[in-house]
Amino acid sequence: DTEVTQTPKHLVMGMTNKKSLKCEQHMGHRAMYWYKQKAKKPPELMFVYSYEKLSINESVPSRFSPECPNSSLLNLHLHALQPEDSALYLCASSLEDSYNSPLHFGNGTRLTVT
Amino acid sequence: EDQVTQSPEALRLQEGESSSLNCSYTVSGLRGLFWYRQDPGKGPEFLFTLYSAGEEKEKERLKATLTKKESFLHITAPKPEDSATYLCAVQARASGTYKYIFGTGTRLKVLA
């Protein structure tokens with residue numbers, strides 16, 4: 001079991017649906033991340049939150065909307081996705097984004113867009 | 001441009017056959033190098049952090065080393081349960097903030 005919990009584990013959605021991915025950590029980490037991972041590829045950074053404020057947006061399309069309600073929770077709101085957005089979406093946390101501490105990942109949400 | 005390259009891309013070993021995985025990096029302002037293990041359909045699992053050249057870390061059959069340009073993950077007498085993708089990542093300063101840059105991974109298969 002990981003210390004970063006992601007729900008749901010699997011999600012199938014149509015291109016007109018609105019859905020949300022959720023992530024939770026209770027390690028006291030102040031930086032939280034969303035990554036996207038395609039098969040046989042490394043994780044690709046999407047967003048970074050530091051102390052609940054968005055610090056990095058890697059030019060992600062607006063159909064992905066992140067939210068950090070508090071220091072333990074991170075959401076990713078999805079709307080009008082495309083089939084090519086199908087991937088494993090990983091949440092991670094670290095002590096701080098400016099500190100050389102490792103990322104701790106959840107087990108991801110496997111997203112399929114039909 | 002900051003870059004992380006892993007080799008080989010894939011590796012098949014017989015059980016007990018020791019080998020090494022390579023992670024070469026070109027970054028400015030390296031703050032740390034991290035090794036992860038990823039099983040299919042799961043998130044990467046943290047293994048080691050290395051901060052400075054000459055540093056070594058060990059965990060069971062795994063040993064990670066770091067030089068100024070590369071890191072090695074040595075696997076001694078591997079078992080089938082060591083089969084996974086091994087990722088390395090570096091933390092480097094970029095545009096006033098810090099980013100983790102991942103290599104493309106080595107897919108390891110250990111045969112019984």
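Every value quoted in this text rests on a predicted model; they were computed, and no experiment measured them. Every chain is numbered from 1, with letters handed out A, B, ... down the list of sequences.
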Contacts with chain B made by residues 60-85 of chain A (heavy-atom distance under 4.5 Å), listed by residue number
none
Close contacts, residues 38-48 of chain A versus chain B, judged by heavy atoms under 4.5 Å:
A/K40, A/P42, A/P43
B/R61: salt bridge (charged side-chain N to carboxylate O under 4.0 Å, His left out) partners, not counting sequence neighbours:
B/D82
Under a 3.5 Å cutoff, is there a donor and acceptor pairing between the side chains of A/S94 and A/Y33?
yes
I'd like to know if the side chain of B/N22 pairs up with that of B/S20 as donor and acceptor (distance under 3.5 Å, no hydrogens or angles considered).
no
Residues, nucleotides or ligands: over 12 heavy atoms within 6.0 Å of A/M27 CE
yes
[X] versus chain A, the contacting section by heavy-atom distance below 4.5 Å:
X: B/F34; answer: side chain
X: B/T104; answer: both
X: B/F48; answer: neither
X: B/E45; answer: neither

With a 4.5 Å heavy-atom cut-off, do [X] and [Y] have their side chains touching?
X: A/K19; Y: A/L11; result: yes
X: B/C88; Y: B/Y36; result: no
X: A/K22; Y: A/Q6; result: no

Side-chain cluster (under 4.5 Å, hydrophobic types only) that B/F72 belongs to, other residues:
none
Output, in order, the C-alpha distance, side-chain angles, deciding distance and verdict of side-chain contact (heavy atoms from CB on, under 4.5 Å) for B/T65 and B/H74.
CA-CA 8 Å; B/T65 62; B/H74 308 278; 3.5 Å; yes
Under the criterion side-chain contact (heavy atoms from CB on, under 4.5 Å), I'd like the reasoning laid out for A/Y35 against A/Y89: C-alpha separation, chi angles, the key distance, then a yes or no.
CA-CA 6 Å; A/Y35 281 85; A/Y89 287 84; over 6 Å; no
Take A/E96 and A/Y51, measure what side-chain hydrogen bond (donor to acceptor under 3.5 Å, both in side chains) needs, and give me the verdict at the end.
CA-CA 8 Å; A/E96 291 187 11; A/Y51 288 86; 2.8 Å; yes
With a 4.5 angstrom heavy-atom cut-off, could you sort out which part of A/L103 is near chain B: side chain, backbone, both or neither?
both
Checking the side chain of B/K57 only, and the main-chain atoms of B/T49 only, is there a donor and an acceptor separated by less than 3.5 Å?
yes
Pairs of heavy atoms under 4.5 Å with chain B: top-ranked of A/S101, A/S50, A/P102:
A/P102
Between B/R107, B/R31, B/Q38, the one whose heavy-atom pairs under 4.5 Å with chain A are most numerous
B/R31
Can you list the steps and then say if B/T85 with B/L108 is a side-chain contact (heavy atoms from CB on, under 4.5 Å)?
CA-CA 6 Å; B/T85 295; B/L108 174 66; over 6 Å; no
